[in-house]
Amino acid sequence: MTRKPTGPGTSPPLPSPKERRRLREARQLTEEQVATAVGVTPATVRAWETGRASPRGRRRAAYAKVIGSAGPPTPPKATATKAETAPGTGAEKRAEAKTAEAKTADSGAKSPKTRVDQETAADRKAPVGQETAVEEAGAGAPNRAPVPVPVPVPAPETETETVPETVPDTVSDPAPDPAVVAPPAPAGPTAAEAFDALYTHTAPGLVRQAYVLTGRRNLARESVERAFQLAWHRWPEVARDRDPAGWVRAAAYEYAMSPWNRVRRAHRRPDALPEEPGRRALLHALLEMPASYRRTLLLHDGVGLGLAETAAETEASTPATAGRLVNARATVAERLPELARCSSPAGQSVVLRERLGALALAERVPAPSPAPVVRTGGERRAQRWTRATVCFGVLLAGATAFTLNTAPTHYEQPIAPAARVAGVPPLAGPEKLTAQDLKLQKALRGELAHGPERLVPRIP
C-alpha cells in the first residue's frame, strides 16, 4: 500500500504578494485570465496579490503554475523506498544494486551537499509520474512481472546516513534556471501620471454633471477641482479603490451640494436658465426638487448606475433610494409631457437619460484647469492648512503657558470702594453740653445720692 506524503512540504512554495503580481505582469496576464485558469474570481486573485489571503490545496498549485513560480517537482523519497523494498516485486535486486553503488560512492568520500546536488539534478531530469508508475506496478500486482518503465537513479545514500538540517532549505528552493527566468516587468506609470490620466479622462464629464446637479457653472468646476485635489491628497487610497472615478464623483457631488455654498455671494444664486424651452423646463424642475432627489435621479437615470450602487453612493437604504427616484420622476414628469406619457419606469429612465445627456452636452461650462495645476494647487492648499494648524497649535500652547504663569494661585476677595451713606451722622465724638445739661450736672454733683431721690432727680 503506497502512502502519499502529506504536510506543508507537499504545497508548492509561493513568493511574496508583490512578487506574485510581478510574475503575473511579466507573463502579460490579467487578473481575469488568472482567475479563469485557477477557477476563482478576480477579487480573489487581487487578494492573493495584496497579501490579504493565500491560495491553498489544488488552487495553490494551479496558481503557482500559472504565474510560473512553481519549481520542478521533487519525487517523494519515502514512497519510492517503500515501493522498491516491497516483497515479491523483484525490487530487492535493485535495492542490492543501490547498496553496492552506495558503498562505491562512500569510498569517494563525497560531502552531503554534493549528494544533495546530484539528487536535485536527477530529480530535474526525471519526468513526473515515472516513480508513481513503479509504485503501482510493485504494490498492486505482487505476482506480476514489473512493468518496464525507466526508473530514475537517485543519489547514492545509505540507510544510516544522516543529512544535515540545513540541507532541506537548499533542496526545497532550487536555483532557477536562467533560461526559464521571466524578463523584468516594465515599470508602471508613476502616481502623477496615473492621476493625470484619471483627471484628463473624467474631469470634463464631471464638470457637466455638477452643472446639471447645481445649475452653477463656476461652482461645478470648483467642486470637481476640489474633489481631485482631495483625491491627490489621498491618492494611495484612491488608487486601490475599485472605482477611482466613482470616488472622485462622490467627493465632487458632496462639495457641490454643501449648504455652505448658499452663504457665499458668488454661488448664492444659480446661473441663468437655458434658452431652449425643453432644457429650461428640465433644469428648472431639477433645481426645484430637494438635493437628495436630484442626486439620486442624476446617478440612476443620468449616469446609469443601478439602484444598489446609487443607494451606496448616496449613503441611503435601497427602499429610501427607490422612493426618492419615484418622487423625482413624478416631479419632472409634471413639466415634461413626453415623460408623463411613458407608463413604464424603464421607458421613463430611457427618456430621462437622453434628456439629461442632451442638457449636459448642450450647455457651455468652463473647462477644468490642467492636471498639473490641480495637483500643485492641492499641494499648496495642504501646505497652507498644515502651517495654519501648526501656528494655531503654537499660539494655543503659548497662551496656555502664559495664563498658567501669570494666574494667581489662590483667591483674594477684592476691597469694595467707598460710598457715601445718607441719613447717618458722621462719627465726631461727644457733643457739646447745653446750658440745661450743665445745670443738671451741677445739681447732681451738689446733692448726695441717697434714697429715691437718686432715681428721680429734682431739678431746681
| Are E222 and R217 within salt-bridge range, i.e. N to O under 4.0 Å? |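 Between R217 and E222 there is no salt bridge, as every charged N stays at least 4.0 Å from the carboxylate O atoms.
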Side chain of [X], backbone of [Y]: donor and acceptor closer than 3.5 Å?
X: N261; Y: A256; result: yes
X: E25; Y: Q28; result: no
X: Q348; Y: C342; result: yes
X: R294; Y: L213; result: yes
X: R24; Y: E19; result: no
X: R208; Y: A360; result: yes

| message | Parallel, tilted or perpendicular: which one describes the rings of F228 and F195, with boundaries at 30° and 60°? | response |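 F228 and F195: perpendicular rings.
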| message | Tell me whether R387 at atom CZ has more than 12 heavy atoms from other residues, nucleotides or ligands lying less than 6.0 Å away. | response |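 For R387, atom CZ is not crowded (no more than 12 foreign heavy atoms under 6.0 Å).
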| task | Decide if atom CZ of R21 counts as having more than 12 heavy atoms of other residues, nucleotides or ligands within a radius under 6.0 Å. | result |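 Atom CZ in R21 is not packed in, count stays at 12 or less.
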| Test side-chain contact (heavy atoms from CB on, under 4.5 Å) applied to Y293 and L325, step by step | CA-CA 7 Å; Y293 290 11; L325 183 61; over 6 Å; no
Any side-chain heavy atom of [X] sitting closer than 4.5 Å to one from [Y]?
X: M257; Y: S223; result: no
X: E49; Y: P17; result: no
X: V248; Y: T202; result: no
X: R375; Y: Y199; result: no
X: T310; Y: T318; result: no
X: L299; Y: Y253; result: yes
X: E288; Y: T331; result: no
X: R324; Y: P290; result: no

Closest approach of [X] and [Y], non-hydrogen atoms and distance?
X: V224; Y: A203; answer: CG1-O, 4.1 Å
X: R27; Y: G68; answer: NH2-CA, 3.3 Å
X: A251; Y: L230; answer: CB-CD2, 4.5 Å
X: L286; Y: V212; answer: CD1-CG1, 3.7 Å
X: P55; Y: R20; answer: CD-NH1, 4.3 Å
X: P366; Y: V207; answer: O-CG1, 3.8 Å

| task | Using the side-chain contact (heavy atoms from CB on, under 4.5 Å) rule, take W247 and D243 through it: C-alpha gap first, then chi angles, then the decisive distance, then the call. | result | CA-CA 6 Å; W247 195 98; D243 186 13; over 6 Å; no
| request: Test T44 against T41 for side chain to side chain donor-acceptor pair (under 3.5 Å), laying out the working first. | output: CA-CA 5 Å; T44 305; T41 60; 2.9 Å; yes
| field | No-hydrogen, no-angle side-chain donor-acceptor test under 3.5 Å, H233 and Q229 | value |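 Result is no, nothing qualifies.
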| query | Is there a donor in the side chain of R52 and an acceptor in the side chain of T50, or the other way round, less than 3.5 Å apart? | reply |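 Note: R52 and T50 side chains meet the donor-acceptor criterion.
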| message | Determine whether L273 and R280 satisfy the following criterion, side-chain contact (heavy atoms from CB on, under 4.5 Å), listing intermediate values before the conclusion. | response | CA-CA 6 Å; L273 297 177; R280 184 185 184 91; 3.6 Å; yes
With rounding to the nearest 0.5 angstrom, report the [atom1] to [atom2] distance, [X] to [Y].
X: R364; Y: Y211; atom1: CZ; atom2: OH; value: 12.5 Å
X: E315; Y: S292; atom1: CD; atom2: OG; value: 12.5 Å
X: L298; Y: Q209; atom1: CG; atom2: CD; value: 6.0 Å
X: N327; Y: L297; atom1: CG; atom2: CG; value: 11.0 Å
X: E354; Y: L356; atom1: CD; atom2: CG; value: 10.5 Å

| task | Quick one: do Y255 and R226 satisfy side chain to side chain donor-acceptor pair (under 3.5 Å)? Show the steps, please. | result | CA-CA 8 Å; Y255 185 87; R226 289 292 178 86; 3.1 Å; yes
| said: My understanding is that only residues two or more places apart in sequence, or in another chain, count here; which of them pass salt bridge (charged side-chain N to carboxylate O under 4.0 Å, His left out) with E225? | reply: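 Once residues adjacent in sequence are excluded, E225 has no partner under the salt bridge (charged side-chain N to carboxylate O under 4.0 Å, His left out) criterion.
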| task | Could you please spell out the steps behind the side-chain contact (heavy atoms from CB on, under 4.5 Å) verdict for R264 and W260? | result | CA-CA 7 Å; R264 303 171 60 184; W260 291 104; 5.8 Å; no
| Quick one: salt bridge (Lys or Arg N to Asp or Glu O under 4.0 Å) pairs with a partner in residues 305-314, sequence neighbours left out? |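 For residues 305-314: R249-E313.
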